[in-house]
Amino acid sequence: MRIAVVADGEGGGWLQELGRARPERVGDLAAAVGAREAAAGLPPRWVWAAWEDLYPDLVRAGVRVRRCHDAALTEALLLGHAGRHGEPRSLGAAWARLHHLPVPEDPVRRAGEGAHAQPALFEADRSTLPPGTDRLAALVGVHADQNRRLADLPDSGGLRLLAAVESAGGLAAAEMSHDGLPLRPDVHDRLLTELLGPRPVAGQRPRVLADLAARIGQSLGQEVNPDSPSQVLRALAGAGHPVPSTRSWVLQEVDHPAAPLLLRYKELARLHSANGWAWSEQWVSRRPGPDGTRLGRFHPDYVVAGVVSGRWATRGGGGLQVPKALLGAVRADPGWVLVRADAGQLEPRVLAAVSGDRALAEAAAEDDLYARLAVHVGGDRDRAKIGMLAAMYGQTTGDAAPLLATMRRLFPRALEHVDSAARTGENGGTVRSWLGRTSPRPHDLPEGPEGERARRAQGRFTRNFVVQATAAEWASVLLAALRTRLADLDPALPEGAGVVFFVHDEVVLHVPAERADAAVQAVAEAERETRELLFPSSPVRFPLVTSVSDERTHI
DNA sequence: AGGGTTTGCCAC
DNA sequence: AAACGTGGCAAACCCT
């Protein structure tokens, strides 16, 4: 059963079971959705314009759903597949195209609005439909059209699966943003204080950074703002050490006492500005824990498929990177555990699976693919890894050149797969992931050396796209499968338990300690389901490294 | 003062 | 060792 749903902006809305004639007006949308979700039998697939408009409010109201069709995410996939990447995807835009009317731009979404904004009662019509349009009818019409377009594709199964798991990704994104990654504000503050000194008044340099800046100035014989690359370049040149830039690997080679100070300064300044006290105040919510402790949650604002390859992005908060220096603050609540599952070497495994290269697949049946590769390449694991990455990224210079020749000989089908994608890109064509996500069309390129450079760059992009985009959909399928498994656990997990963080090839779950085994098992089963769904006949394995940590240990 | 661009770092 | 894919972001820089 599919039920289309739109909100009225006042806490109520309209529902329409597809295939039935009459829409239904409800005064309390969350209650109505919750009731139908809880009814016996297979839960409905909710059809809505865009998860950001409805689902965060449902989650805030304590309602979670199992399945949905996200019209905006699906529209973007279909547009991309048709070579129309980047055209507006909102319900209003899809409806306008369907009726040959002027197509409105997509609404701009503010950072944080999907995360921990205040309850908004399904605020504002973000659909971009013309005023007065019957939004429910428009949604039903666009949904039907999308299903037709999906069915009309030569291989519709792939993109249909992708649309379904990406829609589920929207559900997971709202739930993860709401629940948040457990992060202890007190531990975070202690780590910062140990590294930077006590928290300074706003706008001031922390003590350790101020000391470093002073020592840098002394050793260079002039006052220097270490945050200013041009000042640092000038001062180093004045001290007899001209360098082309202040990048860290350049500074590492400089034989002057200021160099290590500058490197240390840059490292700590980065921590302070990107994940310091201000970041914590903006992105980490706080609530009282047991025994007077403070518990916190990091609430990234996910953008599902926000990257051309289908990877997720975030708006604000640097959500796709918890720096290693701060991992110590990521702690389970007392009595709970964090389960972290990391898909190691995902991209070379994906390449092995999609290319059907037997030798690479054989290596990818091992836990450590690179170690196995090393045996072929001549014993050096690091060199094997460099060669593999060079093949997937299109590196041609430096160490990579001779390795690539070896790779081409040992793994001909894998290399032909990425080489062919690169040729397509260089010739201005588009490529597709395993499930059908399509790379954007390149801009028209000028003749001459500049165009040649751009063509090669486009080739590296499409070369990488076929791997990265397929890896991203592997992760999407895993996330959707895991979400379903966790919802099926019996007894059910308590509110707020489940997947709390997701980044490219890694998920973090937060569950009561007594459910740790069940969570680990759910991850393993989700991996198996993902593999069987995507690559049923491939020997390639996708081992997940799983670790469990309690409130005393970090992930 | 404010907006757009550059630099350099972080993550996968 | 450093130019090889996808991003976010802060501060400096450069312009109006």
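Within every chain, numbering begins at 1; the chains are lettered A, B, ... in the order of the sequence lines, protein sequences first and strands thereafter. Being a predicted model, the structure only gives us computed values, none of them experimental.
- Relative ring orientation between A:H272 and A:W277 is described as perpendicular, the plane-to-plane angle rising above 60° on a 0-90° scale split at 30° and 60°.
- Atom CH2 in A:W249 sits roughly 11 Å away from atom C1' in C:dC4 (whole-Å rounding).
- Atom pair A:D301:CG and C:dG8:P shows a separation of 12 Å (rounding to whole Å applied).
- Listed for the A:D189 side chain is no donor-acceptor partner under 3.5 Å among the backbone atoms of A:P185.
- C:dA1: no Watson-Crick or G-U partner with both key distances under 3.5 Å is found in any strand.
- Atom-to-atom, NE2 of A:H504 to C1' of B:dC10 comes out at 11 Å; the value is rounded to the nearest Å.
- Take the nearest nucleotide of DNA chain C for A:A313 and for A:R460: the residue whose nucleotide is more 5' is A:R460.
- Ranking C:dT6, B:dG8, C:dA11 by closeness to the A:V308 side chain, first place goes to C:dT6.
- With hydrogens and angles ignored, a donor-acceptor pair under 3.5 angstrom links the side chain of A:R311 to the base of B:dC12.
- Per the geometry, NZ belonging to A:K385 stands 15 Å off P belonging to C:dA1, to the nearest Å.
- In this structure, B:dG4 and C:dC13 make a Watson-Crick or G-U wobble pair, each of the two defining distances being under 3.5 angstrom.
- One finds a side-chain N or O of A:T246 lying less than 4.0 angstrom from the OP1 or OP2 phosphate oxygen of B:dG8.
- Put simply, the side chain of A:D301 never gets that close to the backbone of A:T314: no donor and acceptor are under 3.5 Å apart.
- Between B:dC9 and A:S248, a contact under 4.0 Å exists linking OP1 or OP2 to a side-chain N or O.
- Here the side chain of A:S273 is nearest to one of C:dT6, C:dG8, C:dA10, namely C:dA10.
- Phosphate proximity of C:dG5 to A:S309: absent, as no side-chain N or O sits under 4.0 Å from OP1 or OP2.
- Taking every side-chain heavy atom of A:V307 into account, C:dT6 is the closest of C:dT6, B:dC12, C:dG8.
- Listed pair A:R247 / B:dG8 meets the phosphate criterion, a side-chain N or O lying under 4.0 Å from OP1 or OP2.
- Summarising the geometry, the separation between OH on A:Y393 and C1' on C:dT6 is reported as 8 Å, rounded to the nearest angstrom.
- The nucleotide whose nearest atom lies closest to any side-chain atom of A:D227 is, among C:dA11, B:dG8, C:dG7, C:dA11.
- Between A:R456 and A:E426 there is no salt bridge, since no side-chain N of the basic residue sits under 4.0 Å from a carboxylate O of the acidic one.
- Between A:F502 and A:W312, the ring planes are perpendicular. Angles over 60° get that label, and only those under 30° would be called parallel.
- With rounding to whole Å, A:E253 atom CD is found 9 Å from C:dA1 atom C1'.
- Between the A:D505 side chain and the A:L346 main chain, no donor and acceptor come within less than 3.5 Å of each other.
- OP1 or OP2 of C:dC4 has not a single side-chain nitrogen or oxygen of A:N464 nearer than 4.0 Å.
- Of the candidate nucleotides B:dC12, C:dA12, C:dG5, C:dG5 has the atom nearest to the side chain of A:Q468.
- Within the structure, every side-chain polar atom (N or O) of A:S245 is placed at least 4.0 Å from both OP1 and OP2 of B:dT7.
- As rounded to whole Å, 14 Å separates atom C1' of C:dA2 from atom CG of A:L251.
- Listed nucleotides C:dG5, C:dA12, C:dC9 differ in distance to A:R270; the shortest reach to its side chain belongs to C:dC9.
- Rounded to a whole Å, the CD1 atom of A:I386 is 11 Å from the C1' atom of C:dA2.
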